[in-house]
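Reviewing the structure listed below.
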Amino acid sequence: MTELKTAWKNIVAGALEAYARERGVEAGPDLVSAIVIERPPKAELGDLGFPMFPFAKLLRSAPAQVAAALASKIAADPAAGARGQARAEGPYLNVSLARPGICGATIAAATSPGWGSFGFLAGKKVMIEFSSPNTNKPLHLGHLRNNALGESISRILSAAGAEVRKVNHINDRGVHICKSMLAYQRYGEGRLPADEGLKSDHFVGKYYVMFNKLKEEDPRAEEAAQGLLRRWEAGESEVIELWKRMNGWAIEGIKATYERTDVCFDLYDFESDTYELGRAEVLKGLAAGVFYKEEDGSIWVDLEDAGLDKKVLLRKDGTSLYITQDIGTAIFRHGDWPYDRLIYVVANEQQYHFKVLFEVLKRLGFEWAAELHHLAYGLVNLPSGRMKTREGTVVDADDLMDEISALAAKEIEEKGREGAVGDMAGVAEKIALGALHYYLLQTGPMKDMLYDTEASLSFTGDTGPYIQYMGARASSILRKHEAGEGNAVKGRVRFELLCGDADWNLVKRIAEFPETLEASAKAMEPSLLAGYLHDLAVDFSAWYRDNPVLNNSDADLSASRVELVRAVRATLQAGTRLVCMPFLESM
Ligand code: ARG
């Protein structure tokens, strides 16, 4: 559709220029760049709509008059005629595309391998950092949003041809880690996660919460945690040993959650390996006069001329801060794998941090600093507001998945579908993941949102399970056909039969998949794709309700419609994968 839209834009531009000449008006580039394409509100009105309002003033004609003039010019152009027909409809110029070519090409493309991947980012290397948890507690609902965004954008950019490297930056050192270690030393008595029947990251998280108890019992607990950090930095073997053990538990548990939610990484980097890198870079910047030293020995950057503040980059005792390690890590990453773009998927409360980071890297003279991007996202909460409560009682990712999965299983039971779905637990889990990821991605990243478990699971409406259900319906039609049921087996596929209004609408929707994917990749917005999949599911649902596929008396039409179902299925399959929803053959 993209080429077709471009072609029609050019046709309209040509006609506009000709009309402008007639009116004695200079048709500058402004005139042509004001052309916009809309989707007419009703299918009967055509496939593309060009509003004429932007041209009225310059051409000193009413919009309807411009539309009529352009329509008659285009009607006289045989090259345009081969591509469709233009009609004036009040202030709009509406175009009905020439259908037969598009039907064949669209269905052929959609049913071939490689549908949904194309190359506008070919040759580009994109690094994307997401999730990046701390190792003192399990993942929570905020991470689920982060992971969904990071994983989905990675898949979308890969589909757009980029070479993508997914990186998880594990913040595995610092005083917060020492707190859980200290509480474990005090209360753990050498127990293992299995001894307490806990998933290993939940076990670590439990001790992190118990640090609060420790603080009540021992007013010097905070100091003790600082002391433990100094001993860690000095490499004391007993401390390192415990740190390794507890981090091992935390990471093992967190990885199980990734696996359950179908998220994975090409690379894990650990703050404990990279936190020293920044110090040398800050010292270099000081020598180069980009930074300055305060009397107490701390090193600063003054970003006031860039509308930011003065910011400390290295403490007076020479220890690093959060920003120090990020400076080092970004430089190291670019040296290791020279990226064209680095995207950080991190909550919007860190917006200031990333502004400072990018500005500092720019001032250090790294040209690639212009290609750094903070993909910020807003809060996600449950309607009950559970997420806001104090540490230890945030919405846990695993618990939430258990809850959604159990609700999905109940839904299958209530619908009496246990027999049809086969592996009940497996399917419930896939529906849960479809519900979760679709819900989280359907909203643009910057908006704060509430995660409504029940609403996300509804089998009707704008939800993941609804889209999954339509995928299963398409699969079921194809299964029946493959089993020899219906009339299609006797027919011959003739794409021109799909040019009637009912089929055409669906074909057109399928043809929009590549351009939606491209728009979604450019804007790094999975929500565009999510919205598209919903529209496709709605169109498909209405279409197969009203138009017999297998039981059509016209065998050729039946066979052709089977191909259309195949194209729908392929598009739903490719599209849902990009928004991290499992595809279901039956549900
Ligand atoms: N671990 C940090 C947190 O939970 C996020 C890290 C983001 N990435 C980075 N390179 N600073 O807040």
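Order of listing sets the numbers, starting from 1, for every ligand and every atom in it.
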Exercise for the section: Looking only at distances, please establish whether an N/O atom of ligand 1 is found under 3.5 Å from an N/O atom of Gln325. Expected result: no

Practice task
Using a strict 4.0 Å threshold on nitrogen-to-oxygen distance, state whether Glu294 and Lys316 make a salt bridge.
Solution key: no

Problem - Check: Val209 and Lys206 side chains under 4.5 Å, non-hydrogen atoms - result: no

Exercise for the section: Check ligand 1 against Asn171 and write out every atom of the ligand that is under 4.0 Å from a heavy-atom position of the residue. Expected result: 1 (N), 2 (C), 5 (C), 6 (C)

Problem - Enumerated ligand 1 atoms positioned under 4.0 Å from heavy atoms of Asp326 - result: 9 (C), 10 (N), 11 (N)

Practice task
With the side chain counted from C-beta on, respond yes when Pro526 and Ile153 share a heavy-atom pair under 4.5 Å apart, and no when they do not.
Solution key: yes

Handout entry: Per-atom contacts of ligand 1 with Glu129, taking only distances under 4.0 Å to non-hydrogen atoms
Key = 7 (C), 8 (N), 9 (C), 10 (N)

Practice task
Give the residue and atom name of whichever protein heavy atom lies nearest to atom 7 (C) of ligand 1, and the separation in Å to one decimal.
Solution key: Tyr322 OH, 3.5 Å

Practice task
Identify, for atom 12 (O) of ligand 1, the protein heavy atom at the shortest distance, and state residue, atom and that distance.
Solution key: Gln350 NE2, 3.0 Å

Exercise for the section: Could you go through the side-chain contact (heavy atoms from CB on, under 4.5 Å) check for Lys410 and Leu407 one step at a time? Expected result: CA-CA 5 Å; Lys410 215 174 91 198; Leu407 278 173; 4.1 Å; yes

Fill in the blank from the handout: Per-atom filter on ligand 1: closer than 4.0 angstrom to a heavy atom of Asn134 are 1 (N), 2 (C), 3 (C), 4 (O)

Practice task
Answer yes or no: is there an ion pair linking Arg260 with Asp402, defined by an N-O contact shorter than 4.0 Å?
Solution key: yes

Practice task
Going by the salt bridge (Lys or Arg N to Asp or Glu O under 4.0 Å) test, name the single residue among Arg341, Lys166, Arg165, Arg333 that passes it with Glu129.
Solution key: Arg333

